[in-house]
Structures are given as C-alpha cells and as structure tokens.
Amino acid sequence: MRLIQTIFWKCFSNFKCVLLFALPFFGMPASGSLYEDRLNYRQAKYALEVGRTTEYRELRETLGDYVLTTYLDYYEKAISVSRIKPEQAIAIRSEFSEYSLGDRFFRQWLSVQGRQKKWKIYADFYEESSDAKDQCLYLQALFHTKQDEAALLLVPQVWMHGKSQPKECDLPFNRWMRAQRVTNGLSWQRLELALGEKQRQLSNYLLRFFSADVRRSAETLIRVDRNPKLTSNRHNFKNDRWGRAALQFGLFKLLRSDAELAQANWQKVSAHFDYSEAEVAHVNDEMAFWLSRDDILPPVKDEFEAFSVRTQTSILDTVISHKDWDLAQQLFPILPESERETEKWRYWRGIIDQQLAQESPAVVALQELAQERQYYGFLAAMATGQPSQLNLAEAVISEEDHRRLLNDRRVQIVLELFAIGDSANARTEWRYLQQSLTEQERLVIVKQFADLGLTYDAIYSASDAGANDALEVRFPQPYLHEFRRHSHQTNVPIDYLFGIARQESAFNPSAVSPVGARGLMQLMPRTAEGTATRLRISKPSSSSLLLPHINIRLGAHHVAELMDDFGQNRILVAAAYNAGSSNVRRWLQNNVVMNTTSWIERIPYHETRSYVKSVLAFSHVYALMMGIDKPIIAKHELVIPGNGAY
C-alpha cells in the first residue's frame with residue numbers, strides 16, 4: 001500500500017502522469033483494483049526505462065493479466081532490440097501482429113540495423129518507406145552490398161525534393177553524382193521544386209549541376225521567380241528548351257498576382273519562341289484559369305472543351321457569378337460526366353435550370369439533393385423551399401455483439417491507453433485496429449470514445465470509421481455553459497460559435513497549429529491579445545489560451561468584432577476568421593454585387609473556400625440539432641456587396 005501511495009503522489013505532482021477514471025470495461029481482467037493496476041503499470045514502465053530491473057519484475061508480477069502488460073512485454077523486448085537476430089525480429093513481429101506493436105518493433109529493429117551498419121541485413125529486410133532517412137539508409141545498404149546499379153536507379157526518387165534531404169542521403173547522392181547520373185533535366189525539375197518551396201539556398205546550390213550552356217537559363221529561372229515581370233522582355237530568355245521553360249515558369253508565377261499583365265506579356269513575346277502546340281495549349285489553359293479567377297472571361301464557346309477540368313469549372317464559376325444562365329447551360333454539358341455528378345455541380349445544374357424557368361431532370365435532382373445532409377444539400381433545400389434534413393440513423397448492434405466487442409483485448413488496450421493518458425499510443429492502436437472492424441463495430445467504439453469524454457478522438461474517429469450518421473458523436477456540445485454565456489454576451493449565435501470551434505479544433509482544447517494558433521477556437525496569440533485589450537482585461541499568455549473558458553471567451557468576442565466589421569455577414573466573417581480581414585477586404589475591393597453562393601465558389605484561397613462551406617454546414621447542423629429554425633444563409637447574407645463596401 002505504501003508503494004501505491006508513493007506512486008500516486010509522484011503522479012499527482014507530475015502533469016505528464018495523467019490518470020483518468022473510465023468506467024470498467026466488460027470482461028476487463030484485474031489482478032487488483034483497476035486504479036492500482038494503472039499506477040503499477042506506469043511505475044513498471046518507468047522502472048524499465050531507467051534500468052531498475054528488479055523493481056520492474058516485482059511490479060510486472062503484481063499486474064497479472066492487466067491488459068497493458070502487452071505493452072510492457074513490447075517495451076521489454078524493445079530495450080534489447082540491438083541484440084535481436086533477424087529470425088527473432090520476425091518472431092516478435094508475429095507475436096504482436098494483432099497490434100500496431102508488431103510492425104513498430106520491426107521498423108525499430110530495422111533502423112538499428114542501419115545505425116549499426118549491418119548493411120546485408122538492412123538490404124534484405126527493408127520495407128518500402130515514405131521517410132527519406134529510411135530510403136537513404138536503404139540506398140546505402142545497396143551500395144555497401146555491391147548493388148550499385150539498383151541504388152543508382154533509385155536515387156533520383158529521393159533526390160527530387162524541394163528541400164534539403166537528411167545527412168543519411170549524402171553518401172548515395174555523392175555516389176550518384178560521381179557516376180555522372182545528374183542530368184540537366186533532373187536538376188531543372190529539382191530547381192523548380194526548390195523555388196516552389198522558397199528554398200533560396202538550395203536553389204543557388206543546384207546551379208552547380210547544370211552544364212555551362214544551361215546554367216544561364218537556370219540563373220534566369222531564379223531571377224524570374226523573384227521578379228516575374230521580367231517576362232515582358234523576350235531578350236531575357238533563350239529560344240531553347242530551357243529558356244522557354246524559364247519564361248513559362250515566370251508567366252505562371254505572374255498569373256497568380258496579375259493575370260492581365262501575364263496575358264499581355266505572353267501575347268507580346270510568345271511569337272518569338274518555338275513553343276510546341278501542346279506547350280501553347282498548356283499556357284493558354286493556365287491563362288484562362290487565372291483570368292477567370294480574376295473575373296475575366298476568355299473566349300470560351302469554341303475553346304471550352306479543350307480546357308482542363310480545373311479551368312472549365314473555374315470558368316463556369318465565373319459565368320454563374322455573372323448570372324449568364326444561357327451560357328452556363330451551354331457549357332455545363334461539356335464538363336466530364338464524373339464532374340457533373342459531384343454535389344457541387346448537381347446543385348448548380350439545378351440552379352441554372354431553375355433560373356431559366358425550366359422544368360427538367362436537373363430541377364428534380366435539386367429537390368433530391370435537398371434531402372442530403374451536407375453543404376450543397378442545405379443550399380438545395382433553401383433554393384427549393386424544403387426543410388433541411390439531418391437524416392438521423394441509429395446503428396443497430398446486438399447486446400451480445402456489443403459485449404463481445406468490448407471484451408476484445410485489442411479494444412480494451414485502446415480504451416485503457418486513453419484511460420492512463422497515453423493518447424498517442426491509443427490513437428495509433430485505434431488506427432491499426434479499425435481496419436479489421438466492420439462499420440457497425442467501429443461505430444460502437446466511436447460512441448465509447450464519446451461516452452468517455454474523448455470528444456476530439458470521437459469526432460475524427462467517426463469520420464475515419466465512416467460513421468457519418470452518428471451526429472451526437474460528430475457534433476457534440478462540449479463546454480455548453482461557456483458557449484451559451486459568451487454567445488449571450490456577444491450576440492453571436494451559439495450554433496455559429498459551435499460551427500467555428502468544430503471546424504477549427506474539433507473541440508480539442510490543447511490544439512496548437514503549425515503557425516501557432518491555439519486552443520478550441522484556434523486563436524493566434526496576437527489576435528487574442530488585441531481582443532483582450534479592447535475588453536479591458538489582462539492579456540492572455542500562450543498557455544492560458546489552452547484553457548477553454550479563456551479561449552471561448554476571447555474567440556467569441558473576436559467573432560463579434562468581425563461581425564461588426566462585416567455587417568453581421570457570417571460568410572465574410574468565416575472567411576476573415578480563416579484568411580484574415582485584410583485579405584477579405586482586398587477580395588471585396590473591386591467586387592461587383594454578387595450572389596453569396598457564387599462568391600463563395602470564387603474565394604481565391606482553396607483552404608478558405610472549403611473552410612467557409614464547412615463552417616456554414618456545421619453551424620446549420622448545430623442549429624437543426626438545437627431546434628433553431630433558420631436557413632443555412634440568412635436573408636441579409638444572400639448578396640455580397642460590391643465596390644469594397646467593407
């Protein structure tokens with residue numbers, strides 16, 4: 001008992017030692033109390049890590065058949081991985097094959113073989129990997145086992161990357177270069193990749209691999225990446241393969257910032273270069289795409305069929321935004337059938353025919369689309385005057401199957417890992433396990449996650465498991481008191497706040513994005529500080545933004561500020577929340593008055609376009625679930641004003 005008390009206080013004082021008390025699982029074997037087993041497991045793992053073998057053995061003995069002893073057995077074998085022979089590694093992999101641990105052990109063992117330079121073993125047992133370090137260790141193994149030609153053929157696949165590769169790649173890269181396998185074509189491809197990744201140092205380094213006659217064009221490529229307006233002068237480019245490639249690269253970059261200027265430059269200089277018909281068609285396609293994004297329609301009736309699907313859909317978005325329904329009707333059938341059958345184009349085909357007052361199969365399809373629970377389904381319901389549908393469906397599984405599933409040791413391991421706070425391993429095991437479960441079985445476990453308060457994991461697991469109808473899991477209402485309070489204080493609809501939080505973090509209070517956004521509402525520290533200053537409250541620290549009550553309060557007030565800035569238009573607010581107010585104002589600067597649904601399709605950033613659709617759909621689901629009667633887009637939001645109204 002004294003040992004348990006000592007361990008408890010060590011855990012209590014260590015924030016990394018999390019003990020969650022879930023309900024006992026059906027059939028969970030226990031040598032002592034479940035609480036005691038959890039404490040002893042953590043202490044046994046620690047004893048094993050620090051080399052206190054005797055203490056580990058004693059604790060391991062007390063655990064009996066506690067479900068996580070499987071993990072202790074794995075850790076024990078992993079400690080001696082450097083001494084494991086190939087046949088033993090295969091046997092251990094088989095021993096743990098029901099779990100992620102089998103493959104994990106084998107990868108760890110193989111990595112050790114590489115570090116120990118056991119090249120024959122590494123080459124013989126290597127399995128395809130997406131990790132550049134593993135790939136380069138394999139290349140080393142091939143070189144060291146006299147399989148040079150096989151290695152030389154594989155090197156370009158690893159070398160062709162826009163960023164510098166790990167040091168393990170130095171040897172195979174050097175061997176490849178000494179074998180004179182570096183070509184101008186490969187170097188050019190990698191240079192374009194490096195410029196795309198804004199890797200200036202790597203770009204300059206790559207110049208050494210070009211032959212003298214190509215190096216000048218490679219240098220031009222770097223210059224035109226920095227200043228694409230150089231494309232206005234044909235004398236900056238040689239009329240050969242490389243000069244034409246540099247000119248095209250510069251034009252494509254200029255298109256993103258000034259499509260009209262790029263088009264003018266192309267018309268000015270193209271006649272002086274010997275581009276093939278295919279190359280001219282590619283440039284024209286790219287021009288048409290970016291011009292249409294800038295609200296400029298190229299001649300389309302005769303050329304539309306020749307354009308790529310990406311360009312065709314962009315042109316149609318622009319035609320629809322101009323309300324040229326006759327032209328839209330002419331162009332729509334030219335889209336490939338696979339594109340016409342997407343949710344987006346099922347909706348817009350119905351709208352086109354509806355606007356032309358035509359009773360057609362497309363209008364009937366619009367009515368059918370209105371029965372679906374998704375963004376375009378909700379828009380279709382609004383367009384046809386039908387109520388939006390949630391389509392609730394309850395999965396049915398027998399009590400016997402339910403009990404059997406929760407008695408499955410693999411399931412128990414997942415739940416127990418969550419219970420002791422080892423979320424990383426729990427998620428890994430769940431991803432591995434769900435591949436072998438039926439949809440109904442996956443849904444049972446997903447609901448178990450939700451019942452245990454694992455909101456974030458339940459939401460994403462429901463998506464992965466295809467449990468789209470488990471709305472109580474996919475659209476939970478955690479921290480309801482905080483959301484209600486701050487919705488009232490800010491006059492921001494609670495369903496909208498829920499929609500943003502659901503999209504931003506899936507209600508994970510510890511979420512931190514790669515750019516530093518934090519918490520449930522994914523607030524940037526500077527944004528949160530500005531909002532706090534306007535509220536006359538203390539500026540939050542980065543760590544305090546992970547506290548739900550602080551994050552929700554500041555997030556709700558930030559949304560309220562955006563609501564005031566953008567005329568209570570939730571579409572513009574969502575766009576500003578994701579892309580920033582300055583970008584939204586820039587997009588609106590020369591905007592003509594436009595139907596909101598068309599404007600959404602033309603948001604320049606793909607991420608923001610998807611974000612706005614998701615927030616609107618999620619908010620609408622929450623409104624329906626909470627009994628709030630309103631359309632997906634409110635009456636005052638149906639039109640986006642022009643002439644930079646905001």
Side-chain angles (χ1 to χ4, degrees), residues 1-112 406-430 432-433 452:
M1 188 65 185
R2 186 176 183 83
L3 173 62
I4 296 173
Q5 290 173 338
T6 301
I7 297 170
F8 173 79
W9 287 112
K10 283 182 179 179
C11 285
F12 187 80
S13 62
N14 184 352
F15 288 105
K16 293 182 179 180
C17 184
V18 181
L19 293 171
L20 302 175
F21 301 96
L23 293 172
F25 313 120
F26 289 110
M28 173 74 75
S31 49
S33 74
L34 186 56
Y35 176 64
E36 181 180 346
D37 282 343
R38 288 171 178 171
L39 292 174
N40 285 344
Y41 167 80
R42 297 188 71 93
Q43 187 65 9
K45 182 173 179 288
Y46 176 75
L48 188 62
E49 290 169 348
V50 299
R52 300 206 297 244
T53 307
T54 302
E55 181 182 346
Y56 165 73
R57 294 295 179 198
E58 292 175 354
L59 287 164
R60 175 65 177 80
E61 186 67 26
T62 68
L63 289 168
D65 56 357
Y66 171 60
V67 70
L68 289 188
T69 54
T70 298
Y71 257 69
L72 287 180
D73 294 342
Y74 162 75
Y75 291 134
E76 189 174 355
K77 288 178 169 63
I79 285 176
S80 60
V81 67
S82 61
R83 300 188 298 274
I84 298 293
K85 303 295 183 185
E87 58 274 14
Q88 295 173 300
I90 293 171
I92 293 171
R93 185 183 207 177
S94 177
E95 177 185 347
F96 292 103
S97 61
E98 287 189 286
Y99 318 102
S100 72
L101 300 174
D103 290 341
R104 194 190 313 183
F105 178 86
F106 195 80
R107 288 193 299 270
Q108 183 181 354
W109 171 80
L110 192 63
S111 178
V112 169
L406 293 181
N407 272 328
D408 189 319
R409 188 176 181 87
R410 299 169 302 166
V411 173
Q412 292 175 353
I413 283 179
V414 172
L415 297 175
E416 189 64 8
L417 285 167
F418 273 126
I420 66 166
D422 191 353
S423 298
N425 277 321
R427 289 166 186 153
T428 299
E429 287 299 337
W430 169 238
Y432 190 85
L433 168 61
L452 295 175

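Only this structure's heavy atoms are used, side chains among them; waters, hydrogens and symmetry mates stay out.
Nearest approach of A44 to Y56, heavy atoms of both residues: O-CD1, 3.3 Å. Shown here for W109 and V81, the closest heavy-atom pair between the two residues is CA-CG2, 3.4 Å. What you find for I84 and A89 is that their closest heavy atoms are CG2-N, 3.4 Å. L68 and Y41 get closest at one heavy-atom pair: O-CE1, 3.3 Å. Of all the heavy atoms in E429 and L417, the pair that sits closest is CG-CD1, 3.9 Å.
Salt bridge K45/E49: present, at least one basic N to carboxylate O contact under 4.0 Å. The pair R60-E76 does not meet the salt-bridge criterion, since no charged nitrogen lies less than 4.0 angstrom from a carboxylate oxygen.
Remark: S111 pairs with R115 by the side-chain contact (heavy atoms from CB on, under 4.5 Å) rule, at least two apart or across chains. Looking at residues two or more places apart in sequence or on another chain, you find a side-chain contact (heavy atoms from CB on, under 4.5 Å) between S82 and V112, Q116.
One side chain, R409 or T70, offers a donor N or O that lies under 3.5 Å from an acceptor on the other.
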Open item on the list: The test is side chain to side chain contact (heavy atoms under 4.5 Å, CB included); show your working for Y99 and R104 and say whether it passes.
Closed with: CA-CA 9 Å; Y99 318 102; R104 194 190 313 183; over 6 Å; no
Task: Residues Y71, E416; criterion side chain to side chain donor-acceptor pair (under 3.5 Å); working and verdict - done: CA-CA 11 Å; Y71 257 69; E416 189 64 8; over 6 Å; no
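Put simply, the residue from E55, E58, R38 that forms a side chain to side chain donor-acceptor pair (under 3.5 Å) with Q43 is E55. The side-chain contact (heavy atoms from CB on, under 4.5 Å) test with I413 singles out one residue from V67, L101, D408, and that residue is V67.
Without hydrogens or angle criteria, S94 side chain to I90 main chain gives no donor-acceptor distance under 3.5 Å.
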